[in-house]
There are 2 protein chains.
Amino acid sequence: MMHEAGTATEQTRARLLDAAREVFSQHGFQGATVREICRRAEANVAAVNYHFGSKDGLLAEALNFAPLKAMQLANIEAGGAPEMRLCLFIRDFMLMLLDETNGSLPCRIMARELADPTPALDKIVREAIAPLHEFLGELLREIAGEKTGEAELRRCMHSILGQCLYYRHSHPVLQRLHPRLRYDQKEIAAIALHIADFSLAGINAISKPTAK
Amino acid sequence: MMHEAGTATEQTRARLLDAAREVFSQHGFQGATVREICRRAEANVAAVNYHFGSKDGLLAEALNFAPLKAMQLANIEAGGAPEMRLCLFIRDFMLMLLDETNGSLPCRIMARELADPTPALDKIVREAIAPLHEFLGELLREIAGEKTGEAELRRCMHSILGQCLYYRHSHPVLQRLHPRLRYDQKEIAAIALHIADFSLAGINAISKPTAK
DNA sequence: TTTACATTCAAACAAACGTTTGATACGCTT
DNA sequence: AAGCGTATCAAACGTTTGTTTGAATGTAAA
């Protein structure tokens with residue numbers, strides 16, 4: 001009756017999810033309208049409620065934490081010095097946040113939801129952000145050493161995440177200030193490298209305070 | 001006929017502006033409703049359109065760049081080493097972004113608008129953000145020295161602003177992760193000090209690259 | 001073919017939105 | 001007191017929102 005891969009039903013579901021990810025990442029949950037999502041998916045307005053129950057349900061299914069988790073796993077398996085792994089993490093994270101050719105729109109949706117709580121935020125925090133913080137906390141612990149306090153380490157983590165997210169959150173502003181700027185992969189890599197250098201120096205200063 | 005300070009008309013205008021600043025800073029421009037603003041201001045729904053023409057007009061008048069400019073001016077007049085002035089700037093900026101007792105809600109409204117363009121964003125960028133970037137750019141130039149490239153210096157500026165704005169943008173998330181956390185003035189000062197230390201070390205690493 | 005069920009569709013729904021209207025109340029000058 | 005312009009108000013306006021409905025369509029088993 002249904003449920004074979006590639007069946008018409010599943011195609012509509014998939015088109016709706018793709019369109020939803022685009023519109024949600026562009027306009028946020030509040031700014032996105034069911035009608036625009038359906039228009040892009042070439043589906044009827046009722047399709048969202050039929051397949052996902054509600055706009056909330058569509059958001060919940062549109063989210064996908066797999067790329068973020070896969071990135072963390074690959075980072076751990078990459079091995080090497082923790083400083084190098086931090087460098088790698090920042091670059092991969094920035095690519096997910098900024099690279100248009102990167103398919104991981106869910107990460108950009110999550111970035112939008114940070115400031116604007118929706119019914120899905122609790123799930124996002126529980127399943128994506130909390131593990132990310134744990135992963136990054138352990139990585140920074142390796143770099144900063146055991147003597148660094150928990151609060152200082154957490155603030156270093158916030159400093160790094162803040163730098164990364166800034167380029168996503170402030171993108172409309174930065175585009176107005178520097179209209180020529182384009183976020184191609186080369187520019188993203190350069191920014192990531194800056195953040196890594198900047199942050200490693202910061203961590204060192206925090207973890208090994210030198211008397212003046 | 002009217003326009004004397006303290007007249008009933010001006011009181012309604014003032015109440016509307018106060019309420020608008022609260023609601024806009026809490027829910028953003030899209031999320032805020034004219035009806036809630038009027039309810040808090042104890043005014044009729046039509047009052048917004050009568051006094052400000054539209055919801056857009058209310059936002060435009062609710063914005064106030066004076067505190068941000070005053071802060072920059074005070075910073076310049078304070079004098080002292082540029083490193084110390086950066087420290088001062090970060091603390092004042094964080095207080096405007098986070099301190100509940102601080103009356104400068106416009107700064108928090110602007111922080112929300114960064115990610116979500118509204119008709120007022122162009123004016124915000126032109127009159128508040130661009131001057132802020134110029135001010136901070138000059139301050140960082142003093143710290144980093146003449147040899148540092150323009151792009152590197154701008155990235156350092158983004159690193160600092162990103163760290164500061166993170167605590168505002170990610171507040172809903174951080175509150176869920178650390179429910180006990182409260183942003184009193186002591187905590188804000190501690191965070192500001194961290195960002196300053198972290199960033200000064202970062203700037204030094206960028207501006208005076210040391211061969212390994 | 002007939003039956004049963006899942007999916008799609010145009011249309012309508014109720015609620016909330018920003019805004020407008022026309023009447024009423026107020027404050028001032030004459 | 002009369003007249004005039006401003007401010008306030010309840011009510012309604014026209015849109016847009018997410019959602020629901022009931023009929024039409026497609027698909028696969030009986």
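Chain letters run A, B, ... following the sequence lines, proteins first, then strands; residues in each count from 1.
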Toward the 5' end of DNA chain D, which comes first, A:T33 or A:G53, by nearest nucleotide? A:T33
Do side-chain atoms of A:R141 reach the backbone of A:T148 as a donor and acceptor pair under 3.5 angstrom? yes
Using a cut-off of strictly less than 4.0 Å, decide whether A:T12 has a side-chain nitrogen or oxygen near OP1 or OP2 of C:dT8. yes
Do B:N44 and D:dA7 have a side chain to base donor-acceptor pair shorter than 3.5 Å? no
Looking at A:H51, does any N or O in its side chain come under 4.0 Å of the phosphate oxygens OP1/OP2 on C:dT8? yes
Could you go through the side chain to side chain contact (heavy atoms under 4.5 Å, CB included) check for A:Y166 and A:I191 one step at a time? CA-CA 11 Å; A:Y166 175 82; A:I191 295 173; over 6 Å; no
Measure from the side-chain heavy atoms of A:K55 and tell me the nearest of D:dA7, C:dG18, D:dT19. D:dT19
For the student: nearest non-hydrogen atoms of B:I143 and B:I203, plus distance: CG2-CG2, 4.0 Å
Between P on C:dG18 and CG on B:D56, what's the gap in Å once rounded to a whole number? 10 Å
Rounded distance in Å - CD (B:E42) to P (D:dA10): 13 Å
When the distance from OH of A:Y50 to C1' of C:dT8 is rounded to whole Å, what number comes out? 9 Å
Nearest whole Å is fine: how far is D:dT17 P from B:Q30 CD? 10 Å
Please report, rounded to the nearest Å, how far the P atom of D:dT15 is from the CZ atom of A:R35. 14 Å
Do you know which two heavy atoms are closest between A:R91 and A:A192, and how far apart they sit? CA-CB, 3.6 Å
Counting side-chain heavy atoms from CB outward, which of D:dT17, C:dT20, D:dA12 is closest to B:A46? C:dT20
Output the rounded distance in Å from CD (A:E36) to C1' (D:dT15). 17 Å
Value in whole Å for how far the P atom of C:dT7 lies from CZ of A:R13: 10 Å
Looking at A:R108 and A:D99, what are the two nearest heavy atoms and their distance? NH2-O, 3.0 Å
Given C:dT8, D:dT6, D:dT19, the nucleotide with the shortest approach to the side chain of A:V45: D:dT19
Whole-Å distance between C:dT8 P and A:R39 CZ? 19 Å
